[in-house]
Amino acid sequence: MKAFCVLLVGLSSFSVMASDISSGIYDSLILAKNKNGDISGYYQESIGRDKDPTCSFYFYGHGNNDGDTRIISWSSEQKMGSIKSTDNGVVLKIPGGTEHDGCINVIGPQINTGISLKIIQPMNWQSLATAKKEKVYIYTSPNINSKKKGWIIQQDVAGVVASQGDFTNIQYVSDNKKITDGWVLNDDIETVTLPSDAEKKQ
């Protein structure tokens, strides 16, 4: 994934209460949690010089007070799992998660029993969204005349901070964990939500 980084945010360690799951950047995971406790995540990890193979999948769940949340994850197929908070991050467990796209060659069987992911940067994300077009241009404000030189590309995933009129404020995290902050047109992105055929499993 490529994007011009407009705003660079320094990354620092952050300790999370074990009883809560928070929005943020966790190693190879970005995670959003809204006021209602809905949790959405996107995991992506690559190995090799050409970033091939790549393990990637989405997940969704509804948080509870004990910090242990059931989730449904999906790529080309769906798997049930859980995410649980720890003192410095989360543990992501998806039995059968090696069947997600590219994951058998990247993270191996550890995903079946739980992988620990350390929080790198806490964020104020309410949800996640994907770019729908080959180039989704970024604006400095919710105004069509404030276009920046930067953009994100189709299928890039970003955190959603807020919406205003026809625009949404996003923060895109590049492979080297640098952040592009700006506004995009609502019609150019799509919110990451639970697949309709997975609702009955919740």
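All residue numbers refer to positions in the sequence shown, counting from 1. Remember, it's a predicted structure, so these values are computed and weren't measured experimentally.
Across every non-hydrogen atom of Ser82 and Asp68, the tightest pair is CB-OD1, 3.9 Å. Nearest heavy-atom pair, Gly182 versus Ile138, reported as atom, atom and distance to 0.1 Å: CA-CG2, 3.6 Å. Closest approach of Trp125 and Ala32 over heavy atoms only: CB-CB, 3.8 Å. Of all heavy-atom pairs between Ser116 and Asp27, the closest is O-OD2, 4.2 Å. For Ser56 against Ser75, the heavy-atom pair with the smallest separation is O-CB, 3.6 Å. Pairing each heavy atom of Gly81 with each of Pro95, the nearest pair is CA-CD, 4.2 Å.
Shown here are the side chain to side chain contact (heavy atoms under 4.5 Å, CB included) partners of Glu77, two or more places apart in sequence or in another chain: Lys79, Glu99. Under the side chain to side chain contact (heavy atoms under 4.5 Å, CB included) criterion, Asn36 pairs with Asn34, Asp38, sequence neighbours left out. Residues passing the side-chain hydrogen bond (donor to acceptor under 3.5 Å, both in side chains) test with Ser146, sequence neighbours excluded: Ser141. Partners of Thr98 by side chain to side chain contact (heavy atoms under 4.5 Å, CB included), not counting sequence neighbours, listed by chain and number: Ile104, Ile111, Asn112. When the side chain to side chain contact (heavy atoms under 4.5 Å, CB included) test is applied to Ala129, the partners found at least two apart in sequence or on another chain are Val160, Ile189. In this view, Tyr43 and Phe57 satisfy the ring-ring contact (aromatic ring centres under 6.0 Å, His included) rule, not counting sequence neighbours.
The shortest distance between side-chain heavy atoms of Ile30 and Val157 falls below 4.5 Å. For the pair Leu185/Ile144, a side-chain contact is recorded, criterion being any heavy-atom separation below 4.5 Å from C-beta on. When side chains are defined from C-beta on, Lys35 counts as touching Gln126, because their heavy atoms get closer than 4.5 Å. The shortest distance between side-chain heavy atoms of Met80 and Ile72 falls below 4.5 Å. Between Ser40 and Leu31 the shortest side-chain heavy-atom distance does not fall below 4.5 Å. Side chains of Trp151 and Thr180 form no contact here, defined as non-hydrogen atoms less than 4.5 Å apart. Contact of the Val90 side chain with the Lys84 side chain is not registered, since no non-hydrogen atoms from C-beta on lie closer than 4.5 Å.
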Between Phe59 and Ile83, is the side-chain contact (heavy atoms from CB on, under 4.5 Å) condition met? List the steps.
CA-CA 10 Å; Phe59 65 80; Ile83 185 167; 3.8 Å; yes
Derivation of the side-chain contact (heavy atoms from CB on, under 4.5 Å) call for Ile25 and Met123
CA-CA 7 Å; Ile25 306 166; Met123 307 300 292; 4.3 Å; yes
In sequence, state the C-alpha distance, the side-chain angles, and the governing distance for Ile39 and Lys33, and then conclude on side-chain contact (heavy atoms from CB on, under 4.5 Å).
CA-CA 5 Å; Ile39 294 173; Lys33 182 180 179 182; 3.9 Å; yes
Check against side-chain contact (heavy atoms from CB on, under 4.5 Å), Tyr58 and Thr130
CA-CA 11 Å; Tyr58 300 89; Thr130 58; 3.5 Å; yes
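Sorted by first and then second residue, the disulfide bond (SG atoms under 2.5 Å apart) pairs involving residues 137-196 (not counting sequence neighbours) form an empty list. Sorted by first then second residue, the disulfide bond (SG atoms under 2.5 Å apart) pairs that include residues 76-134, not counting sequence neighbours, are Cys55-Cys103. For residues 101-111, no residue pair satisfies the salt bridge (charged side-chain N to carboxylate O under 4.0 Å, His left out) rule, not counting sequence neighbours. Among pairs with a residue in residues 54-63, none fulfils salt bridge (charged side-chain N to carboxylate O under 4.0 Å, His left out), at least two apart in sequence or across chains. Screening residues 138-183 for disulfide bond (SG atoms under 2.5 Å apart) gives no qualifying pairs among residues at least two apart or on separate chains. The disulfide bond (SG atoms under 2.5 Å apart) analysis of residues 139-182, with sequence neighbours excluded, yields no pairs.
Applying the side chain to side chain contact (heavy atoms under 4.5 Å, CB included) test between Ile47 and each of Thr54, Val106, Ile107 identifies Val106 as the sole match. For the side chain to side chain contact (heavy atoms under 4.5 Å, CB included) with Ile170, the qualifying choice from Leu128, Asp181, Ile152, Val136 is Ile152, the only one to do so.
A donor-acceptor contact shorter than 3.5 Å links the side chain of Asn186 to the backbone of Gly165. Asn169 places no side-chain N or O within 3.5 Å of a backbone atom of Ser163 that could act as its donor or acceptor partner. Put simply, the side chain of Asp156 gets close to the backbone of Ile153: a donor and an acceptor are under 3.5 Å apart. Under the 3.5 Å distance criterion, the side-chain polar atoms of Gln154 are matched with a main-chain donor or acceptor of Lys132.
Using a 4.0 Å cut-off between charged side-chain N and carboxylate O, Asp188 and Lys135 make no salt bridge.
By the 30° and 60° cut-offs, the orientation of the rings of Tyr139 relative to Phe167 is perpendicular.
Atom NZ of Lys118 is separated from atom OG of Ser28 by 14.0 Å, given to the nearest 0.5 angstrom. Distance check, rounded to the nearest 0.5 Å: CG of Leu29 to CD of Gln44 gives 11.5 Å.
With 3.5 Å as the limit, one finds a donor-acceptor pair spanning the side chains of Ser73 and His100.
Ile94 and Val91 fall into different hydrophobic clusters, defined by Ile, Leu, Val, Met, Phe, Trp and Tyr side-chain heavy atoms under 4.5 Å apart, directly or through other members.
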